[in-house]
Each structure stands twice: as C-alpha cells, then as structure tokens.
Amino acid sequence: MVNQVQRGDGTLSSRSDSSAASASGGDSSKESSRCSTPVLDADRTDRLRYKMRRRMESGDHWFSLEFFPPRTASGAVNLISRFDRMGSGGPLFIDITWHPSGDPGSDKETSSMMIASTAVNYCGLESVLHLTCCNQSKDNISRHLSKAKHLGLKNIMALRGDPVGSDWEEEEEGFNYAVDLVKHIRSEFDDYFDICVAGYPTGHPEAHSYKEDLIYLKEKVAAGADFVITQLFFRAETFLKGVYAYLDQQCVCVQGYQSLRQLVKLSKLEVPEEITRVIEPIKDNDAAIRNYGIHQALEMCRVLLDSGRVPGLHFYTLNREVATMEVLRQLGMWQEDPRRPMPWAVSAHPKRKVEDVRPIFWGSRPKSYIYRTQDWDEFPNGRWGNSSSPAFGELNDYYLFYLKSKSSKDALLVFEVFTCYIAAQPNRKGHKVMCLPWNDEPLAPETNMLKDELEKVNTRGVLTINSQPNINGKPSTDPIVGWGPPGGYVFQKAYLEFFTSSENVNALLKVLKKYEPRVNYHIVNVHGRNLTNAPDMQPNAVTWGIFPGREIVQPTVVDPVSFMFWKDEAFALWIEQWAKLYEDESPSRMIIKYIHDNYFLVNLVDNDFPLDSCLWQVIEDMFELLQTGLDTGDLEATKLFHVFPI
C-alpha cells in the first residue's frame, strides 16, 4: 500500500505529498546546483514511495527481502556477502529487523543499525530499518532516528514490537503503539523518512476484532505512514478476500521444520491443517520441506499476482537465499540485468546520489573506497577535476566486517596463486583460488576478455590486480561492458595495474620511452619512490559514455594523486590480509613480506583506445630487454620521469 488511506466507505484516497519538491531528501537544492551531469539512474535519487508509485502505475510488480541481524561477527560477514548476491536479482528494497535484546542501535557489527547502514552505503541497496517501541524512551528513539539519518538511512518500519515477556508492559517515557511512533517521526523529522507500518490480514492477535484492527491501521496511515507490509499468511484467499488486497504482502518459503516453528511462534499464527499434514511426516528432512515450501510459495504467489490486486511481494528470507531465489526465478521476477548504472558499485547514501566519477584503482574494492571517502561533504559529478589533496581517510580498520577479505590461507608460490586466480584453475593442492586480497570475487566478465594475456604475464611475475580492455563505442546495452541507460555508447582506454620486481621496473622504464605519449604510467613502491609521466598531475579519463539527451559522462579516471593514497592500501593488503595468515618467520610470510618491501606497484594507460591495446606488447618488450642481458640501469640513475612529493 503506497500513500493510501482506507476510508469508511471502502474507497481509497491518497495522503498529500507536501514536500514533493524535495523528494530526494535534505539539501537537494544545494546538491543539484553543482550537478553538471544528470544522474543516469533515477532510482538512485527517488524516494522509495515514488519508486513504488511508478511500479504501480506501470503494472510492474516488485519484490523485497527481509533479513535479521546475525549473532556473530562471522555471521555479519556472510550476511553482507548474501546482500551482494541477492541484490543482483533486483529487489526494490530490503529491510532489517530490530531485536531489542541485541543492542540494535549500537555500533556493533551485529546491530540492526550497522547491518542496515552497510546495506545502504556499501551494498547500494535501498533499505528499510525496523524500529520498535519496546523498552525505549522517546529520547532513545529520537537518538536512533538521528543516527539512522546520519548514516544515510531514509526508510523506517515503525512497529510497536513484541513484548519481552508474555505481556506488553507500558512504556512510561516512550510509546505503546505504532501510531504514536509514526506521529513522533513526522513531528521530529518532518518528511525526511519514508515510513512503513504493519498490517494484519487476519487482524492483530491482540485486537478485539478485525474491524478494530482496521481502524488502527487507518490511524497509522493518517498519521503519516507511506506504505504497509502485511504479516505473513499461509493462504492467498486470506489476503484477497479483505481490504488488505492493495498492500505489499509478505511471503515466506518454509525451509525447515524448526524455521516453521519459529515463524509460528513469532507471528502467533496457526499453520493450516493441510500444511501440517504434509510436513509432519517429513519434519526431519529439511530438503523435502524446502521443496514443499517452494511449491506452496509459488502457488500462492501466482494466485496473488494473477489477481491484479497485489503490487509487490515481500519475502522473509530467514537469512537464506536458495529457496527465495528459486521462487523468484520461477515467477520470472528475479532479474539479473548484466547492465550496470555505473562501471563501479554504487552507494545508496543520499549524499552520494550525484556521484558519477571515481578513480579506477578501487574498482575491485568499492567498499574500501566508500569507507575512505565517507566523510566527504561533496562527491565528484561530471568530472574528477584536479584534486591536489583529496582527503582520503586512513584505512586502518581491516577488521571491520564489511571490509574483511575472503582470502584463503594458501600462499605456495605467489606467482602461482595469482595465475590460478586468473585461470580459475586448481592450485597444486587441488584448491581453486577464488579471490585475492585485492579482488574478493572471481574475474568479472569484462576482465575475462583479457584472461589469456593476464594468465601469461602473471606466470612471469607481473602480478595483476586491476585491468580493463579498450572499448570503442560499444552499445550501453552490451551484456559485458555496457552500463548506463539504453541508447548510449561506451568507451574505454586499456588499463593495467600490477605489482612487479625492481628489476622488471628498470627494464620497463627503458621500454616505455618509445611508447610515449601514447602510454601514461605511474610507478611507486611502498617507501614512496615515485615515477610518472602524467602531465601536470592531471587525471586521465579512462571510461566514458555518451547517452541521448545528456552530457558526456566519465565515471572512471586514473588520478595520480589518488593513486598515492591507493598505493598505501594496496601494499598494506600484502601484510594485513595475506602475510598475517601465517606464523612469524614462516617461509610463506617471509616471501610475502619480501614482495611488500621490494616490489613496485605500476599502472599503465594506453590512450589510443581505437587501436588494439599496446600494453601487452609493452610487457613483452620489457621481458625481451631483460633476456638480452643488457644493463637496464638503476632506478636512482633514471632521470626520465617526473617526481613529486607526497
């Protein structure tokens, strides 16, 4: 239900939107005044209630996903990975439940507040934070709401909450009903938050009658609620026969006997006899129950969607993914669109809504980039500009659950690890290398275009951590390199970033002289030894797009100043997320530390994007020079480079 109030005569009327001009939240006028390029994806800026309204007007059904905060730090890491995977299917939003006993408003990595904040800021997901009245004073609730606003959360599900004991105890300094919480949010925060409330198709368990519960629902909507999500139910007719047939309704796919028992306990609903009759004989077989749950959920969802009266389905996932994804795939609602709004992972924080330019270096570590720039007041839009001193935050918090690497304890030969990652082949112990400290996921489809060449150079000690092919006017709808809205064309310069030895760098510098000015380079070691031919420290656009009715968008740059900040992080990952997996003085740790202390980090850009990339020939020329045995000179004696202080 979106901005609709049920009248006594059974008709619906809309709550007025007095703040439609500021639909995207606070300070919109200031931010729009510096926006030189229109945001490509309207969903990045629109409020959730407007996204819902557009879907309802177009008849385009949506789905949303509910999760609960895990109990452990490792559970938080796993849940964030699940957000990334399930977010790829196109949920309109996710929501995070509020557990009063779990310190939900704290900075703990398992708190509701931190999980919801991570989903918004680091996973780019529109998120709804549950907030309950249980055991909370009015001041505490206001503090939680202020914190949520500061963290970029814009949607609240206002609930009374379940009592801690068997009966609800009056909150003398707080609220005892969800309607009072809705009124408080509107009073203290005006129209900043979109507010969701709960509806009960069979009536709230504590309501005296179904009619009385409807009156309470109307009061919540009249107080300022924007949309309603129903309690779960087991039969489609339970929903369709009543006035709830215009609400976003909640589905659950039973995934195990204990899960079902827990759901029944929380919802205070009775399981229909026909379901109990099937489940009891197979209660010890989770796979059989899951298959039955998928079948039942599919049947119910199809009836609901076919009725023409259900705009959206809300899935209580139980923090699992297989069953929910299977239901959505069979419904045709799971849409893994290969096109991206930007070449990099976007954040859903309101203050980043106009951001459309980033340095390429964090391409495989977007969460780290967002973390290090979280305190910026404004974000580049239209162009990167000449940032003489960008204020990148320090990255000392490698323990933070949303920044942890998935790297495994398997050094063997370092060259082999890199090569096995590129080739997606098992190492000598038979284990596949699925990630590196600089790349938490398998190769992207775009990088796969370079797979053969990358594999060759990694076996020879050019340890690549970032790359992109040259692209000359591919359609923006291209399933591999496309991004942005349809009808456009995208372009890229070939880019290669890698660690390699000082011996290789000596030879590389001699080779690069014959490729200037076609190739720009930047070479640096952990101690700050710094070599570049970047003219006047200017950023170099390496990705751009042309779209109907818009200025040119250049979302990715190679910026010499930012590279020096990335250098610190890139080198630190050798130690923080690889060497520390091993005992002090162990051979594996010593090898990794040697590379950290002695290797250089190199980036190369081939500016002649219409031609085949020359970067592979540059590397080949470097190795040929080394094989001739010619004196490649010492870095200290090399004067054909620009040095600048850091």
Side-chain angles (χ1 to χ4, degrees), residues 72-81 84 107-109 114 118 121-123 345 359-375 390-418 420-421 427 431 433-442 458 463-466 497-501 524-530 562-603 646:
T72 65
S74 61
V77 175
N78 292 334
L79 183 58
I80 300 311
S81 296
D84 289 334
D107 290 336
K108 292 179 181 177
E109 52 200 0
M114 287 299 101
T118 301
N121 289 288
Y122 297 97
C123 302
I360 195 173
F361 318 122
W362 285 270
S364 296
R365 285 179 58 81
K367 291 181 175 67
S368 170
Y369 179 81
I370 292 167
Y371 177 78
R372 296 188 68 177
T373 57
Q374 63 183 322
D375 293 326
F392 286 94
E394 293 296 324
L395 185 61
N396 299 318
D397 301 325
Y398 292 92
Y399 62 89
L400 291 175
F401 68 97
Y402 43 81
L403 298 179
K404 283 186 177 179
S405 173
K406 306 167 191 171
S407 300
S408 61
K409 184 176 179 179
D410 195 352
L412 296 173
L413 298 175
V414 173
F415 295 6
E416 180 186 330
V417 173
F418 277 82
C420 288
Y421 169 71
N427 60 24
H431 302 299
V433 181
M434 301 302 293
C435 60
L436 296 173
W438 307 267
N439 306 84
D440 253 357
E441 303 293 338
N458 275 274
L463 307 178
T464 59
I465 61 172
N466 198 350
E497 184 179 339
F498 54 89
F499 292 100
T500 199
S501 66
V524 64
N525 68 5
V526 71
H527 310 294
R529 190 79 175 91
N530 193 17
S562 301
F563 187 62
M564 297 305 291
F565 288 91
W566 163 245
K567 172 266 298 183
D568 296 334
E569 180 176 337
F571 275 103
L573 289 169
W574 283 103
I575 304 299
E576 297 293 338
Q577 295 193 359
W578 200 344
K580 285 186 176 180
L581 295 173
Y582 302 93
E583 297 293 332
D584 289 343
E585 308 302 323
S586 66
S588 293
R589 186 158 184 165
M590 296 302 290
I591 290 171
I592 294 168
K593 190 174 185 309
Y594 176 84
I595 292 174
H596 169 272
D597 293 346
N598 295 281
Y599 273 38
F600 281 75
L601 179 64
V602 179
N603 78 56
I646 57 171

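The first residue of the sequence shown is numbered 1, and numbering continues consecutively from there.
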_Using 0.5 Å steps for rounding, measure from the OG atom of Ser562 to the NZ atom of Lys567._
13.0 Å
_side-chain hydrogen bond (donor to acceptor under 3.5 Å, both in side chains) involving Thr72 - partner list, sequence neighbours excluded_ = Ser74
_Interatomic spacing from CG in Asp84 to NZ in Lys367 - rounded to 0.5 Å_ = 3.5 Å
_Residues Asp584, Arg589: salt bridge by 4.0 Å N-O rule_ = yes
*CD-CZ distance between Glu497 and Phe499, expressed to the nearest 0.5 angstrom*: 7.5 Å
*Which heavy atom in Thr500 sits nearest to a heavy atom in Phe498, and how many Å separate them?*
CG2-CE1, 3.7 Å
*Sub-4.5 Å side-chain heavy-atom contact between Asp440 and Ser364*: no
*asked:* Checking the side chain of Arg372 only, and the main-chain atoms of Phe392 only, is there a donor and an acceptor separated by less than 3.5 Å?
replied: no
*asked:* If you compare all heavy atoms of Met564 against all heavy atoms of Val524, which two are closest, and at what distance to 0.1 Å?
replied: CE-CG2, 3.7 Å
*Polar side-chain atom of Thr373 near backbone of Tyr369 as donor-acceptor pair, under 3.5 Å*: yes
*Derivation and outcome, side-chain contact (heavy atoms from CB on, under 4.5 Å), residues Phe361 and Trp438*: CA-CA 10 Å; Phe361 318 122; Trp438 307 267; over 6 Å; no
_What's the separation between atom CH2 in Trp578 and atom CG in Leu581, rounded to the nearest 0.5 Å?_
9.5 Å
*By ring-ring contact (aromatic ring centres under 6.0 Å, His included), which residues pair with Tyr599, not counting sequence neighbours?*
none
*State, to 0.1 Å, how close Asn458 and Phe418 come at their nearest heavy-atom pair, and which atoms those are.*
OD1-CB, 3.3 Å
*Distance (rounded to the nearest 0.5 Å) between Glu569 CD and Leu601 CG*: 11.5 Å
*Taking only residues two or more places apart in sequence, or in another chain, which ones meet Asp375 in a salt bridge (charged side-chain N to carboxylate O under 4.0 Å, His left out)?*
none
*From Trp362 atom CH2 to Arg365 atom CZ, the distance as rounded to the nearest 0.5 Å*: 10.5 Å
*So, does Asn439 use its side chain to make a donor-acceptor pair with the main chain of Cys435 at under 3.5 Å?*
no
*From CA spacing to verdict: side-chain contact (heavy atoms from CB on, under 4.5 Å), Arg529, Phe600*: CA-CA 9 Å; Arg529 190 79 175 91; Phe600 281 75; 4.2 Å; yes
*State, with a plain yes or no, whether a side-chain heavy atom of Tyr122 is found less than 4.5 Å away from one of Gln374.*
yes
*In plain terms, say whether Lys580 and Glu576 are close enough for a salt bridge, that is, a side-chain N and a carboxylate O under 4.0 Å apart.*
yes
*Leu436 vs Val417 side-chain heavy atoms within contact, under 4.5 Å*: yes
*Counting N and O atoms only, with roles assigned by atom type, does the side chain of Asn525 sit under 3.5 Å from a partner on the main chain of Asp597, one being a donor and the other an acceptor?*
no
